[in-house]
Amino acid sequence: MAAALHLSAVNSTPPDTSIPSTILKPSKLSPPIPPSLLLQRVTGPKSLKQIHAQIIKSRCTQALQVQIKLISLYSLFNQMDSAELCFQRIPSKLQFAYNAMIRGYSTHGFPEKALLLYSQMLYSHSPPPDKFTFPFILKACAALSALSEAREAHGRIIKTGLTPDVHISTALVDFYMKLCEVGIARQVFDNIPLKNTVCWNALIAGYAHNELDVEAVDAFKWMIELGFQPSSSTMVSVLPAVGRLGDLEEGKLMHKLIIEKGIEIKESVINSLIAMYGKCGETETARRLFDEMLEKTAVSWTVMISTYARNGKFAEALELFICMQAHGVKPTAVTVASILPACADMMHIKLGMKVHGYSIKNGFDLDIIMSTALVDMYAKCGCIAEARCVFDEMPERNIVSWNAMINAFGLHGQVMDALEWFALMQLDGMKPNGSTFVSLISACSHAGMVAEGLECFKSMSKDYDLVPETKHYACVVDLLGRAGRLKEAFEFIKAMPSEPDDSAWGALLGACRIHKDVELGRMAALKALELKPREPGYYVLLTNIYAGSGRWADAQKLREVMKEKKILKEAGCSSIENGGIVHSFVVGDSKHPEWKKIYKKMEEIEEKLKEEGYVPDTSLVLHEEIEKSERLAIHSERIALAFGLLKIPDGIPIKITKNLRVCADCHSAFKHASRIYKREIILRDLRRFHRFGSGNCSCKDCW
DNA sequence: ATAGGGTTAG
């Protein structure tokens with residue numbers, strides 16, 4: 001019945017132009033064309049149906065071969081219902097019939113059905129699976145993350161003596177890599193007797209998938225050295241790894257190699273090259289490649305836009321975003337989502353809102369990744385109410401969405417809200433993960449809520465079956481240390497079940513700076529530098545501790561060590577948005593076109609501050625800098641504040657973001673300024689938000 | 001009469 005319906009549907013479809021009319025209307029004079037020949041003319045799903053109808057009408061005897069070819073073609077064109085009908089009608093089930101069905105199910109999104117047929121092969125009187133069966137079974141297992149099923153299949157592969165088959169081994173490498181079983185994947189790869197390009201590709205793609213970028217690049221070099229010809233897939237797999245490593249030299253070599261080896265330059269290869277150059281900071285090279293592309297897809301535009309966004313070229317990113325649409329290419333949710341983190345980073349709320357508007361118009365705000373990025377963007381731009389609004393409107397939420405909201409509250413010092421949302425997420429059936437607890441504990445830490453923070457930490461293993469990672473230990477050290485409980489923090493590090501990493505010692509070091517403990521601080525710094533010898537932050541913190549306790553000679557010596565080792569401390573940089581443009585300032589900046597005006601305003605501010613009782617806090621500045629204590633006044637956030645007071649109209653909060661932590665002196669100056677100028681000032685530093693108003697700060701001086 | 005590997009992202 002179903003077959004009849006099916007065929008009548010075929011007859012009503014208009015003729016496929018690709019089929020010669022002789023097939024559709026066979027002349028009575030000439031003998032019917034044999035079915036096997038007819039099937040060779042199939043070009044797509046439409047012609048397949050028509051030819052199938054033709055075969056049935058011609059009443060030729062249908063050889064098993066023809067029936068199997070039909071199954072194979074239907075499953076190739078994703079017509080699984082028709083394939084299933086043919087499959088059920090053949091009397092003796094052969095391996096290729098099964099294989100064709102399993103191929104269709106596993107490549108067209110029905111992995112469960114593929115595994116069901118496989119178990120039918122195993123447990124009924126069917127033919128056993130063969131070397132053509134296993135690659136599809138492993139693909140289905142990968143789609144379902146079915147480790148035990150794959151292991152069973154792997155055992156059967158070994159028992160049947162199929163281990164040396166390169167197709168099967170490649171599928172095994174791919175499967176284990178996708179489930180992050182890198183060691184097993186490598187073992188399977190090493191046992192392949194006759195390797196080829198494709199199995200190398202699976203290994204390299206697998207390493208890249210697991211972000212083992214050095215391994216991916218090494219495997220690539222090794223493959224070339226052994227004389228294998230890389231394909232475009234090889235390049236597409238290895239280039240993201242090079243990009244993440246930021247290894248421009250290696251990337252250039254690979255670009256050259258693509259040309260030398262005559263690798264087919266597909267669109268995907270160029271997209272990967274653009275992304276690689278973008279991640280290495282070479283926006284101009286990336287743009288040149290992009291401009292030379294003949295066929296740009298939405299992915300190409302997205303890659304170029306995110307290249308600009310990643311490198312802080314927001315005007316170019318937005319321009320390209322508009323240009324893309326003018327070229328009739330529709331941005332995807334990924335395109336717009338890739339602009340948002342940049343808006344968040346620069347506190348470019350105007351651009352963020354524009355992107356939000358565009359997303360609503362196109363229904364992207366329903367995309368979970370997109371809306372989570374919006375929550376994060378609004379929160380990092382200081383708009384916690386808007387973040388909350390987007391969160392409330394989300395049609396669905398995953399763990400990342402909840403974490404973004406909890407983290408948002410923490411950033412804004414709203415611990416009680418963070419804890420409440422933590423309870424809400426569980427009522428919603430969501431299980432917290434490691435990142436949830438990082439947000440929670442650091443939220444408690446910033447609010448000085450030691451007991452609650454410790455409770456969270458204990459609870460994660462006791463109630464949530466999570467193993468605390470080094471980052472959680474570092475959070476607890478920060479929690480205890482910040483509250484002045486340095487001894488306990490130290491004991492906590494010593495009691496860690498695994499070797500502490502530099503971040504734990506770094507947290508203790510930071511706490512020692514706040515509470516001015518030279519001896520413990522020195523020890524923590526030595527430990528941290530032992531584990532991460534070139535981290536400028538650790539040098540700077542220890543120098544600050546020395547200077548703060550009057551040990552100028554030690555401070556000076558440390559500075560010289562830094563100079564000698566060519567360790568540069570990161571330059572402080574503050575940004576502020578006005579009129580849709582983000583203005584950035586660094587320490588002692590005089591590059592801004594209006595810098596003279598800004599400095600004049602700054603002098604005025606400093607004078608007013610001093611009149612109103614502000615006393616510069618020079619305790620954390622180096623000796624030589626104290627001599628000219630006005631240098632304090634040139635910290636980048638002070639320039640940004642002057643710019644804000646100069647440009648942003650009364651009554652509108654001034655929003656500034658800084659790439660490092662705000663220093664105690666600037667913090668005190670901002671408090672005074674908020675009172676004197678009757679202005680709300682919102683400062684986001686490396687860690688959190690400070691909301692200044694009427695002479696106070698939301699952080700309650702605890703940061 | 002059938003097979004294996006890939007690009008943008010919170």
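The figures that follow rest on heavy atoms only: side chains count, while hydrogens, waters and symmetry mates do not. Residue numbers start from 1 in every chain, and the chains themselves are labelled A, B, ... in the order their sequence lines are given, proteins ahead of strands.
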### Message
What I want to find out is whether A:Glu250 reaches A:Lys221 closely enough, with some N-O distance under 4.0 Å, to be called a salt bridge.
### Response
yes
### Message
Mind checking if A:Asn398 touches a base, just sugar-phosphate, or nothing, with heavy atoms under 4.0 Å?
### Response
base
### Message
Categorize A:Phe134 for me: base, sugar-phosphate, or nothing, with a 4.0 angstrom heavy-atom threshold over every strand shown.
### Response
nothing
### Task
Could you work out which one of B:dG6, B:dT7, B:dA3 sits closest to the side chain of A:Ser272?
B:dT7
### Message
Checking contacts here: which listed nucleotide (B:dT8, B:dG6, B:dG10) is nearest the side-chain heavy atoms of A:Ala373?
### Response
B:dG10
### Query
For the atom pair CG (A:Leu440) and CG (A:Asn403), what is the distance rounded to the nearest 0.5 Å?
8.5 Å
### Query
So what does A:Val173 touch, heavy atoms closer than 4.0 Å: a base, only the sugar-phosphate, or nothing?
nothing
### From B:dG10, B:dT2, B:dG6, nucleotide with atom closest to A:Val236 side chain
B:dG6
## Note on the structure
Winner on side-chain proximity to A:Ile369, out of B:dT2, B:dG4, B:dA9, is B:dA9
### Message
Any side-chain N or O of A:Lys178 below 4.0 angstrom from OP1/OP2 of B:dG6?
### Response
yes
### Task
Have a look at A:Ala205 and say if it touches a base, only the backbone sugar-phosphate, or nothing, with a 4.0 Å heavy-atom cut-off.
sugar-phosphate
### Message
Can you measure A:Met121 atom CE to B:dT2 atom C1' for me and round it to whole angstrom units?
### Response
12 Å
### Query
With a non-hydrogen cut-off below 4.0 angstrom, is A:Ser237 in contact with a base, only sugar-phosphate, or nothing?
sugar-phosphate
### Message
B:dA9, OP1 or OP2 - any side-chain N/O from A:Arg310 closer than 4.0 Å?
### Response
yes
### Query
How close or far is atom P of B:dG6 from atom NE2 of A:His209, stated in whole angstroms?
9 Å
### Message
In this structure, how many angstroms lie between the C1' atom of B:dT7 and the CG atom of A:Asn271, rounded?
### Response
6 Å
### Test log, rule side chain to side chain contact (heavy atoms under 4.5 Å, CB included), inputs A:Arg287 and A:Tyr277
CA-CA 9 Å; A:Arg287 181 58 192 254; A:Tyr277 280 119; over 6 Å; no
### Task
Using atom CD of A:Glu267 as one end and atom C1' of B:dT7 as the other, report the distance to the nearest whole Å.
8 Å
### Query
B:dT8, B:dT7, B:dA3: which one has an atom nearest the side-chain heavy atoms of A:Lys279?
B:dT8
### Stacking check A:His167 vs B:dG4 (5.5 Å / 30 deg)
no
### Query
If you check every side-chain atom of A:Val299, which of B:dG4, B:dG10, B:dT8 has the closest atom?
B:dT8
### Summary
Picking from B:dA3, B:dG4, B:dT8, the nucleotide nearest the side-chain atoms of A:Asn196 would be B:dG4
### Query
By ring-ring contact (aromatic ring centres under 6.0 Å, His included), which residues pair with A:Phe132, not counting sequence neighbours?
none
### Query
What's the closest nucleotide to the A:Ser72 side chain, out of B:dG6, B:dG10, B:dT2?
B:dT2
### Message
Quick one, A:Ile263 and A:Gln229 - any side-chain contact, counting heavy atoms below 4.5 Å?
### Response
yes
### Query
Contact class for A:Lys69 vs. all strands (heavy atom < 4.0 Å): base, sugar-phosphate, or nothing?
sugar-phosphate
### Message
Closest approach to the side chain of A:Arg103, judged atom by atom: which nucleotide of B:dA9, B:dT2, B:dG10 is it?
### Response
B:dT2
### Query
What's the NZ-P distance between A:Lys139 and B:dT2, to the nearest Å?
17 Å
### Query
Quick one: A:Phe77 CZ to B:dT2 P, roughly how many Å, whole number?
12 Å
### Strand-adjacent residues in residues 149-157 of chain A, judged by heavy atoms under 4.0 Å from DNA chain B
none
### Message
Using a 6.0 Å distance limit plus a 45 degree cone around the ring axis, check whether A:Lys139 lies over the aromatic ring of A:Phe175.
### Response
no
### Task
Pick base, sugar-phosphate or nothing for A:Val198, based on heavy-atom distances below 4.0 Å to the nucleic acid.
base
### Message
Quick check for you: among B:dT7, B:dA9, B:dT2, whose closest atom lies nearest to any side-chain atom of A:Val334?
### Response
B:dA9
### Summary
Taken to the nearest whole Å, CD1/A:Ile270 to P/B:dT7 is 17 Å
#### Entry: Distance-only polar pair, side chains of A:Asp365 and A:Ser359, donor-acceptor under 3.5 Å
no
### Message
salt bridge (Lys or Arg N to Asp or Glu O under 4.0 Å), that's the test. Do A:Glu152 and A:Arg156 meet it? Break it down for me.
### Response
CA-CA 6 Å; A:Glu152 189 275 344; A:Arg156 206 170 288 276; 2.5 Å; yes
### Task
Scan A:Ser401 against the nucleic acid and name what it touches under 4.0 Å (heavy atoms): base, sugar-phosphate only, or nothing.
nothing
### Separation of B:dG4 P from A:Ile192 CD1 (nearest whole Å)
15 Å
### Task
Answer yes or no for A:Lys380 and A:Phe689: cation-pi contact, defined as NZ/CZ to six-membered ring centre under 6.0 Å and angle to ring axis within 45°.
no
